[in-house]
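For reference, the structure discussed in these notes is given below.
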Amino acid sequence: KFEVRKDKMPPKMKILSVLAIIFLACQSVLWAQPTTNHSSLNERRRNWEQASAWTTADGIPAKTGQKKNITINGFIIETGDLNYSNDVNITVETGDTLVIDGNITLNNNSNFIVGTNAVLIIRGNLVASQNFTIQSSSKIIIGGSATTQNNTDIINSGNLYVFGTE
């Protein structure tokens, strides 16, 4: 006769095991958030919120969040604030324009790259901190204040205009 021995796990161990599994599952979901890629149409003038402005499957980039690569081709206008928490890269391609009719906040390992003969206009304030880099060989115009903190690098061989406080 063959018997399978079934050891019973104490109730406290069962609860701890279930909690450990839930904790690990939550951690993997939080840390595994994928980077989304967004690219606007070339040689077109569009608003940020228009689905027809963007070519990629990820669609219209959210105005908040993290882990995004946003590439501006053509002329894009954002009417409102952008607030990104970490790992966001915004590139305005050569000869193209991004107008932000509001404020922008970029934190934690984010980059703003403005290509040759490109234009970045921020009609509000720019707030940048924690390992933030702006690279520009063109024109950056900030209508409000520019606030930078903690390892912010501005590498500029073009023109940078700040009409508020620096």
Side-chain angles (χ1 to χ4, degrees), residues 25-162 164 166:
C26 289
Q27 289 297 331
S28 66
V29 168
L30 291 175
W31 290 104
Q33 182 180 8
T35 299
T36 58
N37 297 297
H38 307 273
S39 183
S40 67
L41 290 169
N42 199 13
E43 306 305 323
R44 300 266 169 52
R45 181 184 173 108
R46 297 277 193 266
N47 291 324
W48 185 285
E49 295 85 6
Q50 288 179 288
S52 63
W54 305 97
T55 63
T56 57
D58 287 330
I60 301 170
K63 296 180 183 185
T64 62
Q66 60 187 356
K67 294 190 177 185
K68 296 180 187 324
N69 294 317
I70 301 170
T71 303
I72 303 299
N73 298 293
F75 190 104
I76 295 292
I77 300 172
E78 163 49 34
T79 53
D81 295 341
L82 300 175
N83 187 359
Y84 296 116
S85 56
N86 63 340
D87 296 321
V88 173
N89 299 297
I90 300 174
T91 302
V92 182
E93 292 289 356
T94 298
D96 295 320
T97 301
L98 172 61
V99 176
I100 301 169
D101 194 6
N103 302 311
I104 183 165
T105 301
L106 291 160
N107 296 311
N108 299 328
N109 301 317
S110 295
N111 298 291
F112 222 134
I113 299 169
V114 183
T116 304
N117 295 323
V119 178
L120 168 63
I121 300 171
I122 302 169
R123 292 190 174 139
N125 300 317
L126 166 69
V127 177
S129 67
Q130 293 295 94
N131 302 319
F132 175 76
T133 301
I134 294 178
Q135 293 179 318
S136 174
S137 55
S138 295
K139 291 187 175 98
I140 298 177
I141 302 163
I142 302 170
S145 300
T147 305
T148 60
Q149 304 164 355
N150 299 338
N151 298 325
T152 299
D153 294 322
I154 298 176
I155 304 162
N156 184 32
S157 60
N159 298 309
L160 173 63
Y161 304 97
V162 180
E166 292 185 59

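Note that this is a predicted model, so its numbers are computed, not measured.
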Give a yes or no answer on whether the side chain of Thr148 reaches the backbone of Ala128 with a donor-acceptor pair at less than 3.5 Å. no
Does Ala118 offer a backbone N or O that forms a donor-acceptor pair with the side chain of Ser138 under 3.5 Å? yes
Worked verdict on Phe75 versus Val119 for side chain to side chain contact (heavy atoms under 4.5 Å, CB included): CA-CA 9 Å; Phe75 190 104; Val119 178; over 6 Å; no
Can you check whether Thr94's main-chain N or O pairs, donor with acceptor, with Thr116's side chain at less than 3.5 Å? no
Lys68 NZ to Lys63 NZ distance, which is reported to the nearest 0.5 Å: 13.0 Å
Determine whether a donor-acceptor pair (N or O, by modelled atom type, separation under 3.5 Å) exists between the side chain of Asn150 and the backbone of Ser129. no
Taking all non-hydrogen atoms of both residues, which atom of Ser110 and which atom of Asp87 are closest, and how far apart? OG-N, 3.6 Å
Min side-chain heavy-atom separation Asn86-Asn109 under 4.5 Å: no
Of all heavy-atom pairs between Ile77 and Arg45, which one has the smallest distance, and what is that distance? CD1-NH2, 3.4 Å
I need the Asp81 CG to Asn103 CG distance, nearest 0.5 Å. 4.5 Å
Donor-acceptor pair, distance only, cut-off 3.5 Å: does the side chain of Ser85 make one with the backbone of Gly65? yes
Exactly one of Ile134, Asn111, Leu106 should register a side-chain contact (heavy atoms from CB on, under 4.5 Å) with Ile90. Which one does? Leu106
The reported gap from CG in Leu82 to CD1 in Ile100 (rounded to nearest 0.5 angstrom) is 5.0 Å
Gap separating the CZ atom of Phe112 from the CD1 atom of Ile154, nearest 0.5 angstrom: 12.0 Å
Can you see whether Asn69 engages Asn89 through a side-chain donor-acceptor pair at a distance of less than 3.5 angstrom? yes
N/O donor-acceptor pair under 3.5 Å between Trp48 side chain and Ala53 backbone: no
CD1 on Ile121 to CD on Glu78, rounded to 0.5 Å: 14.0 Å
Show the nearest heavy-atom pair for residues Trp54 and Thr71, with the distance to one decimal. CZ3-O, 4.1 Å
Answer yes or no: is there a donor N or O on one side and an acceptor on the other, between the side chain of Thr91 and the main chain of Glu93, under 3.5 Å? no
Taken to the nearest 0.5 Å, the spacing of Leu98 CG from Ser40 OG works out to 8.5 Å
So, for Asp101 and Arg123, which heavy atoms are closest and what is the spacing to 0.1 Å? OD1-CD, 3.4 Å
Please give me the minimum heavy-atom distance between Thr36 and His38, naming the atom from each residue. OG1-NE2, 3.0 Å
Closest approach of Asn42 and Asn73, non-hydrogen atoms and distance? CA-CB, 3.6 Å
